[in-house]
Participant: 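So that we are looking at the same thing, I have put the structure below in structure tokens.
Within every chain, numbering begins at 1; the chains are lettered A, B, ... in the order of the sequence lines, protein sequences first and strands thereafter. The figures that follow rest on heavy atoms only: side chains count, while hydrogens, waters and symmetry mates do not.
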2 protein chains.
Amino acid sequence: MNAVPGAPLDRVFHAISDPTRRSVLARLSGGEQALGVLAAPHDMSLPAFSKHIRVLEQAGLVHTVKRGRTHYCSLNAEPMKAASEWLAYYRKFWESRLDSLDTFLKENP
Amino acid sequence: MNAVPGAPLDRVFHAISDPTRRSVLARLSGGEQALGVLAAPHDMSLPAFSKHIRVLEQAGLVHTVKRGRTHYCSLNAEPMKAASEWLAYYRKFWESRLDSLDTFLKENP
DNA sequence: CAAATACTTAACCACTTGGTTTATTTTTTG
DNA sequence: CAAAAAATAAACCAAGTGGTTAAGTATTTG
């Protein structure tokens with residue numbers, strides 16, 4: 001069924017479950033950035049930061065091109081679409097108050 | 001922007017990055033379920049399955065109550081709202097074609 | 001009360017994750 | 001060309017994840 005270990009949705013949700021990586025995506029939404037510039041504000045070594053970039057790349061959220069000795073990263077939000085659609089299915093539960101809190105309130109008037 | 005330290009969002013995105021856990025949420029969207037019933041279709045031991053439930057509980061996505069010897073799980077979609085809103089920020093990039101593919105196409109006519 | 005039921009807890013294991021440091025590679029610059 | 005810069009690769013480590021089996025705890029039922 002859905003037991004494929006490396007499913008795209010798995011990789012996207014995993015990628016965005018880390019604050020460092022979410023921060024990178026936010027900064028990339030302002031446009032392409034050199035990897036070193038992206039890494040600067042994060043308190044970790046460059047190899048550690050590069051691993052985060054690799055996770056984002058493998059989720060398809062970041063594309064990196066090399067020009068000269070500099071690697072430029074850019075956002076590719078397309079894989080977020082499926083993630084957003086997966087979440088959208090549950091919107092009715094938090095909007096229409098059909099979740100467990102509402103159930104509780106209905107059953108305990 | 002992302003001023004709040006990401007902990008809750010971290011836990012929600014991590015929780016839904018696993019296909020077993022997404023499957024559980026989907027089935028809970030049909031209403032409360034006994035843990036044992038929920039576990040049945042998954043090819044793993046009950047302790048392993050219970051750990052998945054605990055991850056969902058810690059993300060605030062599932063609430064469990066014990067009635068007699070049975071533990072009943074229900075969906076609480078509310079924490080998904082923030083997750084959905086985080087993703088919504090990027091909607092313009094996949095809808096308005098402002099992502100890296102589009103940039104590439106614009107720069108390489 | 002004794003046995004079955006529905007779980008949890010505990011102990012363990014293999015693998016992954018997120019970080020480190022050190023060394024290399026590639027490219028630019030003095 | 002030699003040194004600096006940008007980043008990767010490799011080797012390593014601690015902690016977390018996802019699974020197991022075995023044992024324990026409530027609770028219901030025969």
Side-chain angles (χ1 to χ4, degrees), chain A residues 1-25 27-28 31-74, chain B residues 2 5-25 27-28 31-74 100:
Chain A
M1 184 61 109
N2 210 359
V4 181
L9 221 43
D10 291 17
R11 289 195 292 265
V12 169
F13 281 134
H14 170 68
I16 64 180
S17 72
D18 180 272
T20 296
R21 294 191 292 258
R22 286 199 305 277
S23 161
V24 166
L25 294 171
R27 295 181 54 219
L28 287 180
E32 186 184 71
Q33 284 278 354
L35 197 150
V37 174
L38 267 183
H42 297 280
D43 188 23
M44 67 181 70
S45 67
L46 198 55
F49 183 81
S50 286
K51 285 187 187 180
H52 283 295
I53 296 295
R54 210 134 295 130
V55 170
L56 290 167
E57 285 175 348
Q58 281 162 15
L61 295 169
V62 162
H63 186 221
T64 300
V65 292
K66 185 180 170 188
R67 289 200 292 275
R69 63 187 168 189
T70 304
H71 294 228
Y72 293 91
C73 301
S74 54
Chain B
N2 251 346
L9 220 44
D10 291 14
R11 287 196 289 268
V12 169
F13 281 134
H14 170 68
I16 64 180
S17 72
D18 180 90
T20 296
R21 293 190 291 257
R22 287 199 304 276
S23 161
V24 166
L25 292 172
R27 295 183 52 221
L28 286 180
E32 186 185 71
Q33 285 277 354
L35 197 149
V37 174
L38 268 182
H42 298 281
D43 189 21
M44 66 181 71
S45 67
L46 198 54
F49 184 80
S50 286
K51 285 187 186 179
H52 283 295
I53 296 295
R54 210 134 294 129
V55 171
L56 291 167
E57 284 175 348
Q58 281 161 15
L61 295 169
V62 162
H63 185 221
T64 300
V65 291
K66 187 180 169 190
R67 289 200 292 275
R69 63 189 169 188
T70 304
H71 295 229
Y72 292 92
C73 301
S74 54
S100 64

Participant: Residues in side-chain contact (heavy atoms from CB on, under 4.5 Å) with A:Arg69, at least two apart?
Facilitator: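 With sequence neighbours excluded, A:Arg69 shows a side-chain contact (heavy atoms from CB on, under 4.5 Å) to no residue whatsoever.
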Participant: A:Val65: what forms a side-chain contact (heavy atoms from CB on, under 4.5 Å) with it, not counting sequence neighbours?
Facilitator: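 Partners of A:Val65 by the side-chain contact (heavy atoms from CB on, under 4.5 Å) criterion, ordered by chain and then number, come out as A:Glu32, A:His63, A:Arg67, A:Tyr72.
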Participant: Report the distance from atom CG of B:Leu46 to atom C1' of D:dG24, rounded to the nearest whole Å.
Facilitator: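 It is 14 Å, rounded to the nearest whole Å.
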Participant: Mind listing the N/O atom pairs, protein and nucleotides 16-18 of chain D, below 3.5 Å?
Facilitator:
unit_1: D:dG18; atom_1: OP2; unit_2: B:Arg21; atom_2: NH1; d: 3.2

Participant: Could you tell me the separation between the CZ atom of A:Phe49 and the P atom of D:dA9, rounded to a whole number of Å?
Facilitator: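 Value for this atom pair: 16 Å.
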Participant: What pairs of residues pass the salt bridge (Lys or Arg N to Asp or Glu O under 4.0 Å) test when at least one of them lies in residues 49-61 of chain B, not counting sequence neighbours?
Facilitator: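 For residues 49-61 of chain B, and leaving out neighbouring residues, there are no salt bridge (Lys or Arg N to Asp or Glu O under 4.0 Å) pairs at all.
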Participant: For A:His14, give me all partners under side chain to side chain donor-acceptor pair (under 3.5 Å), at least two apart in sequence or on another chain.
Facilitator: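 Per chain and number, A:His14 pairs via side chain to side chain donor-acceptor pair (under 3.5 Å) with no residue.
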Participant: I need the CD1-P distance between A:Ile53 and D:dA7, as an integer number of Å.
Facilitator: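 Those two atoms, CD1 and P, are 10 Å apart.
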Participant: Earliest and latest nucleotide of DNA chain C, 5' to 3', sitting under 4.0 Å from a non-hydrogen atom of chain A?
Facilitator: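 Using the under 4.0 Å cut-off, the span is C:dG18 to C:dT28.
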Participant: Scan residues 33-42 of chain B against DNA chain D and write down, sorted by residue number, each residue with any heavy atom closer than 4.0 Å; if none is found, say none.
Facilitator: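 Heavy-atom contacts with DNA chain D come from no residue of residues 33-42 of chain B; none.
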Participant: Applying side-chain contact (heavy atoms from CB on, under 4.5 Å), name anything that partners A:His71, two or more places apart in sequence or on another chain.
Facilitator: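 side-chain contact (heavy atoms from CB on, under 4.5 Å) check on A:His71 returns A:Leu35, A:Thr64, A:Lys66.
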Participant: The criterion is ring pair (Phe, Tyr, Trp, His ring centres under 6.0 Å); which residues satisfy it with B:His42, sequence neighbours excluded?
Facilitator: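 Scan of B:His42 (ring pair (Phe, Tyr, Trp, His ring centres under 6.0 Å), adjacent residues dropped) gives B:Phe49.
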